[in-house]
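A quick write-up on the structure given underneath.
Lettering of chains follows the sequences in order, A, B, ..., and the numbering in each one begins at 1.
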There are 2 protein chains.
Amino acid sequence: MTTIKPTPVSTATLDQPARAPLAPGSVRLSQPLVERIEEEIVTRQLAPGARLDETELAQRFAVSRTPIREALIQLASAGLVELRPRRGAIVAQVTPQQLMEMFDVMAELEAHCGRLAARRSTAEEQRELLAAHEACADSSNGLDPDRYFYLNERFHQILYRMSHNAFLEDQVRHLQRRLRPYRRLQLRVRQRVSHSFLEHRSIVDAIATGNEALAADLLRSHIQIQGERFGDLMASL
Amino acid sequence: MTTIKPTPVSTATLDQPARAPLAPGSVRLSQPLVERIEEEIVTRQLAPGARLDETELAQRFAVSRTPIREALIQLASAGLVELRPRRGAIVAQVTPQQLMEMFDVMAELEAHCGRLAARRSTAEEQRELLAAHEACADSSNGLDPDRYFYLNERFHQILYRMSHNAFLEDQVRHLQRRLRPYRRLQLRVRQRVSHSFLEHRSIVDAIATGNEALAADLLRSHIQIQGERFGDLMASL
DNA sequence: TCGTCAAATCCTGTATACAAGAAGTTTGAC
DNA sequence: GTCAAACTTCTTGTATACAGGATTTGACGA
């Protein structure tokens with residue numbers, strides 16, 4: 001796995017990335033509906049544990065039960081919904097334990113992205129990453145965490161692409177999305193935004209200088225902080 | 001992430017593991033049907049690129065199109081099937097490039113399992129792993145690769161559990177299943193079985209002595225070999 | 001002979017109907 | 001008054017019907 005991918009040129013936007021054809025969970029089928037429900041789960045409009053009545057959802061979204069069921073199955077596959085046979089669907093309840101486990105895997109995957117990015121990324125991509133980092137500067141004072149959250153997500157997504165491993169990119173993006181509400185809360189912890197911004201700087205440098213081990217370690221720590229400082233996070237819920 | 005999980009006691013069998021409630025893709029809904037189709041895909045009865053006609057499948061499995069559709073959506077979420085809107089489903093075509101990418105991620109995840117196992121596993125679990133390794137001995141001469149394949153899978157699954165990270169265990173098991181047909185082929189490469197067996201021995205030792213870095217490195221190499229020596233594998237197709 | 005266009009056919013996506021199981025309620029007995 | 005059992009109601013899981021888009025087939029023209 002040391003060869004450089006021939007065609008790193010991706011025209012995908014960050015909001016609608018060109019996914020690999022095998023992208024897990026990227027079922028392009030009545031996608032708007034899935035995304036609408038997903039949005040309500042991610043934003044906590046539909047709280048964890050809430051029952052997802054098929055008939056009720058069907059009425060609310062003005063469709064029949066069939067597409068609702070199919071959407072719920074997709075969301076269950078993504079881990080956002082729990083399907084209890086013959087007893088209906090509920091919004092998945094994530095325990096602190098599970099959350100820590102997920103952050104742990106996330107840290108490992110991002111670390112690997114960093115390692116591969118340091119090994120394979122082009123100068124052009126590195127400039128792009130730096131630009132994304134610098135774009136965060138204005139909102140790194142912690143006054144507008146939502147804006148920083150968005151730009152931070154952008155920064156990481158560029159990093160994923162730089163791994164030149166579309167499968168890895170897809171897996172880590174899925175996890176990023178799934179952890180979204182918790183990452184968002186995390187940024188409200190005191191000083192987290194400014195620290196995050198500083199850490200990004202070192203990450204950019206490590207990748208630019210091709211320091212694979214350092215890039216991996218920095219990214220692992222960068223993500224793990226969110227998992228370890230977990231008391232703060234749970235307290236803010 | 002250095003704390004040890006309090007309850008490592010798992011009564012799950014290897015064939016039907018007790019999955020975490022958030023287990024991605026573990027939608028327990030008409031599961032037999034999903035598994036039957038999955039089996040045909042994994043065993044190449046349904047070859048990559050083959051059209052999956054809903055009506056035809058419905059007739060063949062003696063159900064209506066509805067459960068078939070729901071099964072296909074689940075399989076698409078798992079990456080085994082590609083759903084092309086309004087144009088039907090086909091068995092996912094995995095390019096060598098994608099396969100290498102998947103093996104790369106697999107190597108990283110298994111390496112992390114090894115690291116965590118070295119850190120957290122109990123003496124009891126380590127004995128279990130050793131037993132699973134020793135059970136491979138009889139079929140490590142390469143004369144019965146299918147039997148070794150099964151025992152090898154068992155060995156790795158015990159390892160996953162030893163990470164004490166149910167989410168990681170689930171993710172890596174999914175990938176293991178998805179790469180199954182290719183791993184199977186890999187074992188037919190000359191000397192691979194005997195080498196694999198020897199590598200397991202070092203892995204067991206590294207974990208037993210709590211050497212996290214070594215366990216991770218050994219496992220990474222152990223898996224990467226399968227991805228890297230891919231030329232041999234493709235030639236055998 | 002090959003390419004193009006059109007009609008017919010097929011298949012998917014969605015709605016709806018129905019049956020079976022789960023949950024909730026009421027009634028009866030102790 | 002409390003507990004249990006049976007009944008009612010609700011919800012899920014599956015079958016089926018139908019509409020609209022995709023594909024295929026056939027004919028016509030270059």
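To the nearest angstrom, C1' of dT14(C) lies 12 Å from CD1 of I68(A). Rounded to a whole Å, the CG atom of L57(A) is 14 Å from the P atom of dA15(C). As a whole-Å value, the separation of L83(A) CG from dT11(D) P is 16 Å. Rounded to a whole Å, the CZ atom of R84(A) is 10 Å from the P atom of dG13(D). Going from atom CD of Q59(A) over to atom P of dC10(D) covers 13 Å, rounded to whole Å. Regarding I73(B), its CD1 atom lies at a distance of 9 Å from the P atom of dT14(C), rounded to whole Å. For the pair L52(B) CG and dG13(C) P, the computed distance is 13 Å after rounding to whole Å. When rounded to the nearest whole Å, the span between CD of E70(A) and P of dT12(D) equals 15 Å.
From R220(A), atom CZ reaches atom CE of M106(A) across 14.0 Å, with rounding to the nearest 0.5 Å. Atom NE2 in H133(A) sits 8.0 Å away from atom NE2 in H200(A) (nearest 0.5 Å).
Close to dA15(D), at under 4.0 Å from its OP1 or OP2, lies a side-chain N or O of S64(B).
Side-chain atoms of E153(B) and Q157(B) include no donor-acceptor pair closer than 3.5 Å. Inspection of the Y148(B) and S196(B) side chains reveals an N or O donor paired with an N or O acceptor under 3.5 Å. With hydrogens and angles left out, the side-chain atoms of H222(B) and H156(B) include a donor and acceptor closer than 3.5 Å.
Checking side-chain atoms of E101(B) against main-chain N and O of A166(A) turns up a donor-acceptor pair under 3.5 Å.
Comparing atom distances between the R69(A) side chain and each of dT12(D), dA15(D), dG13(C) picks out dT12(D) as nearest.
When each of T66(A) and A89(A) is assigned the nucleotide of DNA chain D bearing its nearest heavy atom, the one mapping closer to the 5' terminus is A89(A).
Here the closest non-hydrogen pair linking S163(B) and L116(B) is O-CB, 3.6 Å.
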If a protein heavy atom is under 4.0 Å from the base, mark B; if only from the sugar-phosphate, S; if neither, -; do that for nucleotides 5-11 of chain C going 5' to 3'.
------S
